[in-house]
Amino acid sequence: MDGIVEEARRTPLAGEFEVVVLGGGPAGIAAAAAAARAGRATALVERYGFLGGAGTAAGLSTFCGLHANVHGEHRQVIHGVCDDILERLRRMDGLARPHLAVGGRIQAQAYDISAYKIAADELLLEAGVRLFFHAFAVGATRDHLLVENKSGRRAIAGKVFIDCSGDGDLAAWRGAPFEVGDGRGGMLFPTTMYRICGVDPEKAGAAWDRIPQLMEQAEKLGRRFPRKKPIVRPQPNPIEWRANLTQIRNPDGSPVSGIDAEQLSYGEVEGRRQCRETFEFIKSVTPGFEKAYIVEIAPQIGIRETRRVRGEYMVSEDDIMDCVDFPDAIGVNGWPVEAHVAGNVDFRFARGKRGYNQLPYRMLLPLGIDNLLVAGRCASMTHDGQSSARVSGPCFVMGQAAGTAAHLSLRAGIAPRTLDARLLREQLERDGVFLGGG
């Protein structure tokens, strides 16, 4: 028997809203905050009991893409709602100073995961957002998002929906066109992150430079690691470090898919195995790590790419590399192309000295769907373009633009795709967003 027939049932309504956001990562946080602050009745649906997306659930613990190398000067280029999160983290002593990453060519910024969860809670509750935690979205109609939670199956009504799920789930259910991977069956490889505690920071020193060298030496003697270019860096509390050096592949060598349930189950187990194996090596050879231990393996595997929804414009690698401007720009992205390929990470920096490209409003508008916007790593980008603009900085940008566009389109009584981008840009600038250009 290949299935069962369920009886028809009436699904209770959990609430009626003007804006419904699916997914609580940086795109979802910014989208919900922007819409609610504009006075819209806003709901955010999140499958976990906390916000932050990959930044918390996948243990990322570092903001990438908030900064750009602008004509040789390291500068924060992501503002708006993002600034509110950063300020709340600072008040809780949960934010480290920006540090140089990727061979010293660009800055990233570490934060405390627990502080980020609290900061996001406070931000959205103060804005008046209705949070639906532990709610797993399972389907959609034009006017409803269907979820399953501990109370059963529920419908959430909305006028404008914003898909910040990362996987493009809502857009796919609504029939929007999408792509998966590079068109040849390959996707960016996922990672299981873990945190190491009990490090002696004085003895460890700049171990982030030493650990890759130690791994290279071990490989010459026959040891094998999941990938090259490991990232092992201290957190705001220097006795705690984050480790980003696993690469999760299926037995046939292909990347584990974040939209395949069997592969995800396999990948979670394989990821934890790699965490244990790589940690034992680091502890055995790195000064300052003699008494260290794994304090947490991330609750979920870190997925970098699944569906990419096709919109009115797809941001490409050339857009990133050539620092392209757009007339409907909603913000900027300064992170390099970061392609997690088999056994390695390939970084490609912009050819233009300005160091950032603009992001167009059209990348948020899925083809063929009028009351839906898409923001975050599932927005309209090519495979290589997404390898850059999927990180937290540009996701904050896309989310704030989507939430603001939802408000403006509702005020005008029009579909988001017919909204005049000049009105959106003017509002984003008033709200502190850096639009770039020049």
Side-chain angles (χ1 to χ4, degrees), residues 26-27 29-30 33-34 55 60-91 94-111 116 119 208 231 233-236 315 317-338 347-361 363 375-377 381 385-401 404 425-438:
I29 291 169
L60 185 57
S61 68
T62 305
F63 291 127
C64 296
L66 301 188
H67 304 80
N69 188 333
V70 184
H71 298 289
E73 176 189 356
H74 297 286
R75 184 187 306 172
Q76 183 182 334
V77 293
I78 308 301
H79 294 285
V81 171
C82 174
D83 284 331
D84 295 333
I85 289 288
L86 296 179
E87 179 55 33
R88 291 168 190 271
L89 288 170
R90 288 190 189 98
R91 292 202 298 264
L95 186 67
R97 293 177 61 84
H99 64 272
L100 288 173
V102 195
R105 298 186 64 178
I106 196 166
Q107 288 185 328
Q109 196 161 10
Y111 56 84
Y116 185 18
W208 53 84
I231 302 171
R233 297 280 312 201
Q235 294 298 97
V315 173
E317 179 177 7
D318 283 340
D319 295 331
I320 308 297
M321 301 295 286
D322 294 333
C323 299
V324 169
D325 287 338
F326 295 96
D328 58 340
I330 53 171
V332 304
N333 164 50
W335 196 249
V337 173
E338 180 186 335
F347 289 98
R348 300 189 290 277
F349 280 82
R351 294 183 282 262
K353 293 184 179 180
R354 188 180 68 177
Y356 66 78
N357 62 282
Q358 291 183 321
L359 297 171
Y361 175 49
M363 72 184 297
R377 67 171 171 87
M381 300 173 271
Q386 195 261 10
S387 297
S388 166
R390 62 179 169 76
V391 297
S392 48
C395 285
F396 277 120
V397 166
M398 289 183 262
Q400 183 162 357
T404 305
R425 286 166 51 81
E426 290 169 1
Q427 185 62 56
L428 290 172
E429 283 195 300
R430 286 194 291 270
D431 293 337
V433 174
F434 173 64
L435 299 180

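- Of the possible donor and acceptor atoms, none in the side chain of Gln358 sits under 3.5 Å from a partner among the backbone N and O of Val324.
- Separation of atoms CG (Asn333) and CZ (Phe396) is listed at 14.0 Å; rounding is to 0.5 Å.
- Closest of all the heavy-atom pairs between Arg348 and Met321 is O-SD, 3.8 Å.
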Between His71 and Arg354, does a side chain to side chain contact (heavy atoms under 4.5 Å, CB included) hold up when you go through it step by step? CA-CA 5 Å; His71 298 289; Arg354 188 180 68 177; 4.0 Å; yes

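- Taking OG of Ser392 as the reference point, atom CH2 of Trp335 lies at 8.5 Å (rounded to 0.5 Å).
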Going through the distances and angles, do Val102 and Glu338 end up as a side chain to side chain contact (heavy atoms under 4.5 Å, CB included)? CA-CA 10 Å; Val102 195; Glu338 180 186 335; over 6 Å; no

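- For the atom pair CE (Met363) and CG (Asp328), the distance works out to 10.5 Å, reported to the nearest 0.5 Å.
- Minimum interatomic distance between Cys323 and Gly355 (heavy atoms only, all atoms of both residues): SG-N, 3.7 Å.
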Between Asp431 and Thr404, does a side-chain hydrogen bond (donor to acceptor under 3.5 Å, both in side chains) hold up when you go through it step by step? CA-CA 10 Å; Asp431 293 337; Thr404 305; 4.6 Å; no

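- When every heavy atom of Met398 is checked against every heavy atom of Met381, the shortest pair comes out as CE-CE, 4.4 Å.
- For the side-chain contact (heavy atoms from CB on, under 4.5 Å) with Val332, the lone residue among Val77, Val70, Val433, Asn357 that qualifies is Val77.
- What you find for Pro236 and Ala96 is that their closest heavy atoms are CG-N, 3.8 Å.
- Put simply, CD on Gln427 and CD1 on Ile330 are 14.0 Å apart, with the number rounded to the nearest 0.5 Å.
- At distances below 3.5 Å, at least one donor-acceptor pair connects side-chain atoms of Tyr111 with backbone N or O atoms of Ser61.
- Judged by distance alone, the side chain of Arg90 and the main-chain N or O of Leu95 form no donor-acceptor pair under 3.5 Å.
- Atom CG of residue Leu86 and atom CD1 of residue Ile78 lie 10.5 Å apart, to the nearest 0.5 angstrom.
- Of all heavy-atom pairs spanning Ala389 and Leu359, the tightest one is CB-CD2, 4.5 Å.
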May I have the step-by-step check of side chain to side chain contact (heavy atoms under 4.5 Å, CB included) for Leu60 and Tyr116, ending in yes or no? CA-CA 11 Å; Leu60 185 57; Tyr116 185 18; over 6 Å; no

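- By the 6.0 Å contact criterion, CZ on Arg351 is enclosed, its count of non-hydrogen atoms from other residues, nucleotides or ligands being greater than 12.
- Here the CG-NE2 distance, from Leu428 to His79, works out to 13.5 Å after rounding to the nearest 0.5 Å.
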One pair to check against side chain to side chain contact (heavy atoms under 4.5 Å, CB included): Leu89 and Phe63. What are the steps and the verdict? CA-CA 12 Å; Leu89 288 170; Phe63 291 127; 3.7 Å; yes

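- Judged purely by atom type and a 3.5 angstrom limit, Gln107 has no side-chain atom pairing as donor or acceptor with the backbone of Arg75.
- Checked by atom type and distance alone, the side chain of Arg425 never pairs as donor or acceptor with a backbone atom of Leu435 at under 3.5 Å.
- Looking only at distances, no side-chain donor or acceptor of Arg105 sits under 3.5 Å from a matching main-chain atom of Asn69.
- In terms of modelled atom types and a separation under 3.5 Å, the side chain of Gln235 and the main chain of Ala110 share no donor-acceptor contact.
- Listed here is the closest heavy atom pair of Pro394 and Gly65: CD-O, 4.1 Å.
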